[in-house]
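Note: hydrogens, waters and symmetry copies are ignored here, and every other heavy atom, side chains too, is used.
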Amino acid sequence: MDKEQQIYEQKGMEDYLKYQIEHEMEPFAPGPAFSFVKALEAVNTRLRELYPESEELFDVVLMTNSHAHAGLRLINTINHHQLFIERFCMTGGNSPIGYLKAYHTNLYLSADPMKVREALEEGIAAATMFNPPEKRTEVSETQLRVAFDGDAVLFSDESERIFKAHGLDKFFEHEKTHENTLLDHGPLKGFLESLGKLQKKFYAKDQRLDCPIRTYLVTARSAASSGTRALKTLRSWGLETDEALFLAGAPKGPMLEKIRPHIFFDDQMFHVEGASQLGTVAAHVPYGVAQKLLQQKPARENTKDFSAATN
């Protein structure tokens, strides 16, 4: 809705609504979360086959602060792309964040970073989406793949604070000393729990090797020096990721290019940009100490990758 947003900002609400009504038979083009939503629907299809009576499925809600007059164009778009989205929340210029808890939201995605921050402050997992990469990597149509950064995404930013304040050596020392001390949870822990809960429904039908959900931990941590604490924390939560990639400061983009996730979550814009440049749809989680540093210096200088470990 980039063009429509420009009309709203430059000409106001009335011209915006007039344009939407005049073009309501023209569907919107897919945005960055389109393939992710299609993959959710593919998982739902498999769940219905195994559990015909169960209502424990992914439920996608389209939330927008657009006026209800834009609703017909949104409905026509969803039908055009054969999406199964039946819940709409159109707030007519007001923020939709107040409705998230009423929908029992496990994850909120938006192109508006202010709304994302507002959702995080309400304790709801949220991330900022960006325009799709110019050359987007092809993703699976039958298996949902979700990749998570560790610190300040699945875990708290405790360890990252040590690294930012005292450097790499102190970080390694801190992690070794506290390897048996569990990390506190980060903003997207609950979403990983939701994915894990649905994965177990497939495992119960002996479909672990053919599960249509696959999760990845993609972290700048080093396996030998700081990976133990991360894995012990996940185990203590009763959670797991199908794959754990400890990159020890290596760029994440090339690895994500191989994984081909539908979405990758990271708290560092440096990694989000790097992933996007290589075709991965990446979402920014504006949480933790990195966001304060982001306000002080350019995003490309603000990286927590432990390059000193590999140089």
Side-chain angles (χ1 to χ4, degrees), residues 33-63 78 81-89 100-109 119 123-127 129 138-150 153-155 182-183 185-219 230-245 256 258-265 280-281 283 285:
F34 183 88
S35 296
F36 174 62
V37 170
K38 292 290 282 186
L40 298 179
E41 293 182 355
V43 175
N44 280 350
T45 299
R46 290 279 303 276
L47 282 167
R48 290 191 186 97
E49 292 170 356
L50 295 174
Y51 301 93
E53 304 302 319
S54 176
E55 293 186 7
E56 196 169 33
L57 304 162
F58 288 113
D59 185 16
V60 180
V61 182
L62 181 63
M63 309 195 78
I78 284 171
H81 292 296
Q82 298 181 315
L83 295 173
F84 190 76
I85 301 176
E86 296 191 333
R87 296 179 193 258
F88 279 30
C89 180
L100 292 177
K101 288 186 177 179
Y103 282 108
H104 305 288
T105 303
N106 299 105
L107 175 68
Y108 173 67
L109 300 175
I124 295 166
M129 302 295 290
E138 281 191 27
V139 292
S140 173
E141 295 182 357
T142 57
Q143 183 182 60
L144 169 67
R145 298 178 187 175
V146 183
F148 300 87
D149 179 32
V153 175
L154 289 180
F155 313 123
L182 302 179
L183 289 158
H185 67 85
L188 264 64
K189 177 204 171 191
F191 182 54
L192 178 60
E193 284 179 325
S194 299
L195 295 175
K197 189 175 182 180
L198 291 180
Q199 280 181 310
K200 288 175 182 176
K201 293 175 75 72
F202 290 98
Y203 300 167
K205 297 289 187 178
D206 198 28
Q207 295 198 17
R208 179 180 284 268
L209 297 181
D210 192 32
C211 182
I213 303 173
R214 192 164 184 84
T215 56
Y216 303 79
L217 172 64
V218 183
T219 174
L231 294 178
K232 284 184 176 180
T233 297
L234 286 174
R235 181 184 293 175
S236 75
W237 293 340
L239 298 178
E240 59 181 286
T241 55
D242 294 291
E243 298 187 30
L245 292 84
L256 292 165
K258 298 297 182 183
I259 293 172
R260 297 175 181 266
H262 292 85
I263 192 167
F264 166 59
F265 298 100
T280 296
V281 173
V285 182

Heavy-atom closest contact ([X] atom, [Y] atom, distance):
{"X": "Ala119", "Y": "Leu100", "answer": "CB-CD1, 3.8 Å"}
{"X": "Leu192", "Y": "Glu240", "answer": "CD1-O, 4.3 Å"}
{"X": "Val285", "Y": "Ala126", "answer": "CG1-O, 3.9 Å"}
{"X": "Leu198", "Y": "Ile213", "answer": "CB-CD1, 3.8 Å"}
{"X": "Val43", "Y": "Pro212", "answer": "CG2-O, 3.5 Å"}
{"X": "Leu144", "Y": "Leu195", "answer": "CD2-CD2, 4.1 Å"}

Once side chain to side chain donor-acceptor pair (under 3.5 Å) is applied, do any residues pair with [X], and if so which ones, sequence neighbours excluded?
{"X": "Asp59", "result": "Arg87"}
{"X": "Ser194", "result": "Asn106"}
{"X": "Glu243", "result": "Arg214"}
{"X": "Lys200", "result": "none"}

Candidate pair Glu41 and Phe58, rule side-chain contact (heavy atoms from CB on, under 4.5 Å), full reasoning
CA-CA 7 Å; Glu41 293 182 355; Phe58 288 113; over 6 Å; no
Take a 6.0 Å sphere around CZ of Arg48 and say whether it holds more than 12 heavy atoms from other residues, nucleotides or ligands.
yes
If the condition is ring pair (Phe, Tyr, Trp, His ring centres under 6.0 Å), which residues does [X] pass it with, not counting sequence neighbours?
{"X": "Phe148", "value": "Phe265"}
{"X": "Phe191", "value": "none"}
{"X": "His81", "value": "Phe34"}
{"X": "Phe36", "value": "none"}

With [X] via side-chain contact (heavy atoms from CB on, under 4.5 Å) - residues at least two apart:
{"X": "Glu49", "answer": "Thr45, Arg46"}
{"X": "Ala33", "answer": "Leu109, Met129"}
{"X": "Val139", "answer": "Ser35, His262"}

Does the distance from a Lys or Arg side-chain N to an Asp or Glu carboxylate O, for Glu138 and Arg145, drop under 4.0 Å?
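Not counted as a salt bridge, because no side-chain N and carboxylate O are separated by less than 4.0 Å.
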Should the pair Lys189-Glu193 be classified as a salt bridge under the 4.0 Å nitrogen-to-oxygen rule?
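Between Glu193 and Lys189 there is a salt bridge, with a charged N closer than 4.0 Å to a carboxylate O.
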Distance, nearest 0.5 Å, that separates CG of Asp242 from OG1 of Thr215
4.0 Å
Pairwise distance CG(Leu234) to NE2(His185) - rounded to 0.5 angstrom:
13.5 Å
If we ignore hydrogens and angles and just use 3.5 Å, is the side chain of [X] paired with the main-chain N or O of [Y] as donor and acceptor?
{"X": "Gln143", "Y": "Cys211", "value": "yes"}
{"X": "Thr233", "Y": "Leu183", "value": "yes"}
{"X": "Asn44", "Y": "Leu57", "value": "no"}
{"X": "Glu141", "Y": "Ala39", "value": "no"}

Are the side chains of [Y] and [X] in contact, using a 4.5 Å heavy-atom criterion?
{"X": "Leu47", "Y": "Ser54", "value": "no"}
{"X": "Ile78", "Y": "Leu62", "value": "yes"}
{"X": "Tyr103", "Y": "Met63", "value": "yes"}
{"X": "Val153", "Y": "Thr219", "value": "no"}

Residue pair Ile259, Leu245: steps toward the side-chain contact (heavy atoms from CB on, under 4.5 Å) verdict
CA-CA 11 Å; Ile259 293 172; Leu245 292 84; 4.2 Å; yes
Identify, with sequence neighbours excluded, every residue that meets salt bridge (charged side-chain N to carboxylate O under 4.0 Å, His left out) alongside Lys201.
Glu56
Please say whether the positively charged group of Lys38, taken as NZ for Lys or CZ for Arg, lies over the ring of Phe84, i.e. under 6.0 angstrom from the six-membered ring centre and within 45 degrees of the axis.
no
Stacked cation flag Arg260 on Tyr216, 6.0 angstrom / 45 deg:
no
After noting the C-alpha distance and the side-chain angles of Leu217 and Leu154, does the key distance pass the side-chain contact (heavy atoms from CB on, under 4.5 Å) rule?
CA-CA 9 Å; Leu217 172 64; Leu154 289 180; 4.0 Å; yes
Verdict with reasoning, Leu256 to Val218, per side-chain contact (heavy atoms from CB on, under 4.5 Å):
CA-CA 8 Å; Leu256 292 165; Val218 183; 4.2 Å; yes
